[in-house]
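Remarks on the structure that follows.
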Amino acid sequence: MPREALPSLAAGESIRWIPRGGGNSFSDCAFLSEGLTLSSDGMDRILEVDPDRGCVLCEAGVTNRELFDLLERPELQAWTLPVPGGTGQVTVGGAAAGDIHGKNHPARGSYGNHVKALQMLTASGDEVWCSAEENPDLFRATLGGMGLTGFIRKVRLQLVPAPGQALHVRTRRIPDALRGILRFFEEEPAELQMAWIDLAGRRVRGVFHFSRPTSRPPRSPRRTLRLPIPRIAFLNPWTSPWINLAIYHLHANLDRVVRPEEAHYPLDSIPGFQKAYGPRGFVEYQFLVPPERAEEGLRSLVAATRKTPAFHCMVKRFGSHPPPGMLSFAQEGFTFTTLFAARSGVFEVLEELTERLIPLEARFNLTKDSCLSRQQFEQTQPGLEEWRQVVRRWDPEARIQSNLSLRLGLKPW
Ligand SMILES: Cc1cc2nc3c(=O)[nH]c(=O)nc-3n(C[C@H](O)[C@H](O)[C@H](O)COP(=O)(O)OP(=O)(O)OC[C@H]3O[C@@H](n4cnc5c(N)ncnc54)[C@H](O)[C@@H]3O)c2cc1C
């Protein structure tokens, strides 16, 4: 999208629109069936770099991978990305609007905790800056606000100090994930932690990954797998137990130093991984529950996967960092992300699962959700009324809308 065209499109008479970044979200948050989708594609300039303070100002379409490339510069070797997320294709605008999290939430919080300021194009077509000091209400409504407060044009991001760009990654097997998975997060304190759980086999087991930044040199980069992904669903109830068995054995007791992209973005090395579930694809589902409800949450999830197929899940811990945005997803607890094969009946099972999780004080990630009803969303989203009051002032005609905001009734005015 040409930079110059944006203001007139945004301010155009009675046109509804939604911003879009790299299109990596799994929900209906980055498109609008009856309106304009304004893309940050091509807005990829790094505008300022301050190596002394570790601060970068860039346009919204710059991706995490481009920022990692920038960090190769000798003067930036002492800094790294605070919250790299799970794919290098995410843009800084999409990361701020989704307030994304990584495997290091207890250490670093979520993305918005490191955003110093945003330059926005609002619903009226005006250009405004917002930060903790300037237009703070707009700032807190935008971080995690799913693009519904305006188009982010520029992001000023604070990097974090690091001893080097590489990560020392280690793993341990989890023989029985239903009993005591949480203790692994206690026993292996590390900056990054994540558990992969096998849901395809009879035994619910997994692999715990933990890593720390290091100044040691990384091993040479792994070759990208350029295997053609067949049009058939090669991840299915017959193949998955065997594939997971191989993952369980191959990933147990690793101990190696890798480049950060290799540790943070394993799926980026399998282009077209989304096709592994076949032409009908999958439904991504992510929830968060408080620490004391985590084992119950996992049991409910496992029960659902016995009714409709899902083959593995990822578990992360979130720490007590204050959520930077009014709608921020990440807050203290454990989060579970699962890909359910898209087949008939899956939404009924997810509806039932959601109803079981709500009494556990569960919350749901809007960048992944395609199941919640408006009522369920309102029940589980603290901060919604405050967000609505602020956003109504900046977008009184509710011109910025997405399919997600219409489905969940985010702007009821
Ligand atoms: C393989 C993979 C792994 C992932 N792992 C993680 C993870 O570990 N943690 C996590 O939190 N998420 C994860 N995600 C989800 C992803 O990080 C988020 O959905 C992120 O918001 C996508 O950013 P994007 O640039 O692709 O934006 P899009 O998907 O295009 O948009 C996402 C939202 O941001 C808004 N938006 C985008 N650009 C702008 C802008 N310039 N101005 C205003 N609003 C904007 C959109 O309106 C939309 O609401 C993963 C996704 C994939 C594909």
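Whatever order the structure lists ligands and atoms in, that order sets their numbers, starting from 1. Heads up: numbering here begins at 1 and tracks the sequence.
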Any N/O pair Ser40/ligand 1 closer than 3.5 Å: no
message: Measuring only between side-chain heavy atoms, which start at C-beta, is Pro84 closer than 4.5 Å to Asn104?
response: yes
task: Heavy-atom contacts with Phe151 under 4.0 Å: which atoms of ligand 1 show up? List them by number with element.
output: 41 (N), 42 (N)
task: Look only at interatomic distance and state if Val90 has a nitrogen or oxygen under 3.5 Å from any nitrogen or oxygen of ligand 1.
output: no
- prompt: Got the closest protein heavy atom to atom 21 (O) of ligand 1, with its distance?
  reply: Gly94 O, 3.0 Å
task: Among Ile152, Thr122, Leu138, Val115, find the residue that satisfies the side chain to side chain contact (heavy atoms under 4.5 Å, CB included) test when tested with Cys130.
output: Leu138
query: Atom CG of Leu159 and atom CG of Leu70: how far apart are they, to the nearest 0.5 Å?
result: 8.0 Å
query: So, is Lys368 polar-close to ligand 1, with some N/O to N/O distance under 3.5 Å?
result: no
- request: Please confirm whether Leu267 comes within less than 3.5 Å of ligand 1 when only nitrogen or oxygen atoms on both sides are compared.
  value: no
message: A cation-pi test, strictly: NZ or CZ of Arg172 under 6.0 Å from the centre of the six-membered ring of Phe210 and no more than 45 degrees from its axis. Yes or no?
response: no
query: Taking 4.0 angstrom as the limit, do Lys154 and Glu59 come out as a salt bridge?
result: no
- prompt: For ligand 1, is Ser402 a contact, meaning one of its heavy atoms is under 4.0 Å away?
  reply: no
query: So is Arg205 actually on top of Tyr248's ring, under 6.0 Å and inside 45° of the axis?
result: yes
Throw together a table of side-chain donor-acceptor distances under 3.5 angstrom for residues 293-300, partners on residues two or more places apart or in other chains.
from	atom 1	to	atom 2	distance (Å)
Glu295	OE2	Gly180	N	3.4
Arg299	NH2	Leu178	O	3.1
Ser300	OG	Glu296	O	3.1

Sub-3.5 Å N/O-N/O distance, Gly85 and ligand 1: no
- request: Identify whether the distance between the nearest side-chain nitrogen and carboxylate oxygen of Glu378 and Arg388 falls below 4.0 Å.
  value: yes
message: Does this structure show an ion pair linking Arg407 with Asp369, if we count only N-O contacts that are shorter than 4.0 Å?
response: yes
message: Under 4.0 Å from a heavy atom of Ile18: which atoms of ligand 1 are those, numbered in the order shown and with their elements?
response: 47 (O)
task: Could you find the nearest protein heavy atom to atom 9 (N) of ligand 1 and give me its residue, atom name and distance?
output: His101 O, 2.8 Å
- request: Run the salt-bridge test on Arg20 and Asp41 with the 4.0 Å N-O cut-off and return the result as yes or no.
  value: no
message: Heavy atoms only: which of Pro19, Gly144, Ser405, Ser110 lies closest to atom 46 (C) of ligand 1?
response: Pro19
query: Taking atom CD of Glu292 as the centre, does the number of heavy atoms from other residues, nucleotides or ligands within less than 6.0 Å exceed 12?
result: yes
message: So does Pro412 get a backbone contact from the side chain of Arg392, meaning a donor-acceptor N/O pair under 3.5 Å?
response: no
statement: Looking only at protein heavy atoms, what sits closest to atom 6 (C) of ligand 1 is Gly86 N, 3.6 Å
query: If we only count N/O pairs under 3.5 Å, is Asp268 in contact with ligand 1?
result: no
- line: Quick look: Met43 vs ligand 1, heavy-atom contacts under 4.0 Å, and the answer is neither
message: Taking 4.0 Å as the limit for heavy-atom contacts, which would you say applies to Ser25 with ligand 1: side chain only, backbone only, both, or neither?
response: both
field: Contact (N/O only, under 3.5 Å) between Ile152 and ligand 1
entry: yes
Contact atoms of ligand 1, heavy-atom distance to Ala30 under 4.0 Å: 28 (P), 30 (O), 31 (O), 48 (C)
- line: The protein heavy atom nearest to atom 25 (O) of ligand 1 is Thr91 OG1, 2.6 Å
- request: Tell me which part of Leu404 gets within contact of ligand 1: side chain, backbone, both or neither, using heavy atoms under 4.0 Å.
  value: neither
message: Check this for me: does any side-chain nitrogen of one of Arg16 and Glu397 sit under 4.0 Å from a carboxylate oxygen of the other?
response: no
- prompt: Mind checking whether Gln286 and Phe364 have side chains closer than 4.5 Å, heavy atoms only?
  reply: no
message: Can you confirm, on distance only, whether ligand 1 has an N/O atom lying under 3.5 Å from any N/O atom belonging to Cys29?
response: yes
- request: Check whether any side-chain heavy atom of Val169 sits under 4.5 Å from a side-chain heavy atom of Val257, and report yes or no.
  value: no
- request: For atom 35 (C) of ligand 1, grab the closest protein heavy atom and report residue, atom and distance to one decimal in Å.
  value: Ala97 CB, 3.5 Å
- request: Could you see which bit of Phe26 sits under 4.0 Å from ligand 1, with heavy atoms only: side chain, backbone, both or neither?
  value: side chain
message: Polar contacts were defined as any N/O atom of the residue lying under 3.5 Å from an N/O atom of the ligand; does this apply to Thr87 and ligand 1?
response: no
- prompt: Hey, does Met146 come in under 3.5 Å of ligand 1, counting only N/O atoms on both sides?
  reply: yes
Distance from atom 24 (P) of ligand 1 to nearest protein heavy atom, with residue and atom: Gly22 N, 3.3 Å
task: Run the numbers for me: atoms of ligand 1, each under 4.0 Å from some heavy atom of Gly21, listed by number.
output: 25 (O), 27 (O), 28 (P), 30 (O), 37 (C), 38 (N)
message: I need the nearest protein heavy-atom contact for atom 44 (N) of ligand 1: residue, atom name and distance, please.
response: Gly147 CA, 3.3 Å
Proximal candidate to atom 20 (C) of ligand 1 [heavy atom criterion; set Asn64, Thr142, Asn24, Ile100]: Ile100
Partner of Glu191 under salt bridge (Lys or Arg N to Asp or Glu O under 4.0 Å), chosen from Lys103, Arg108, Arg317: Arg108
task: Answer yes or no: is there a donor N or O on one side and an acceptor on the other, between the side chain of Asp198 and the main chain of Pro241, under 3.5 Å?
output: no
query: Counting from 1, what ligand 1 atoms have a heavy atom of Ala60 closer than 4.0 Å?
result: 41 (N)
- request: Could you tell me whether the side chain of Lys316 reaches within less than 4.5 Å of the side chain of Phe334, counting heavy atoms only?
  value: no
- prompt: Could a heavy atom of Gln274 be found less than 4.0 Å from some atom of ligand 1?
  reply: no
field: For atom 8 (O) of ligand 1, closest protein heavy-atom neighbour
entry: Lys316 NZ, 3.0 Å
message: I'd like to know whether ligand 1 has Ser27 as a neighbour, heavy-atom separation below 4.0 Å.
response: no
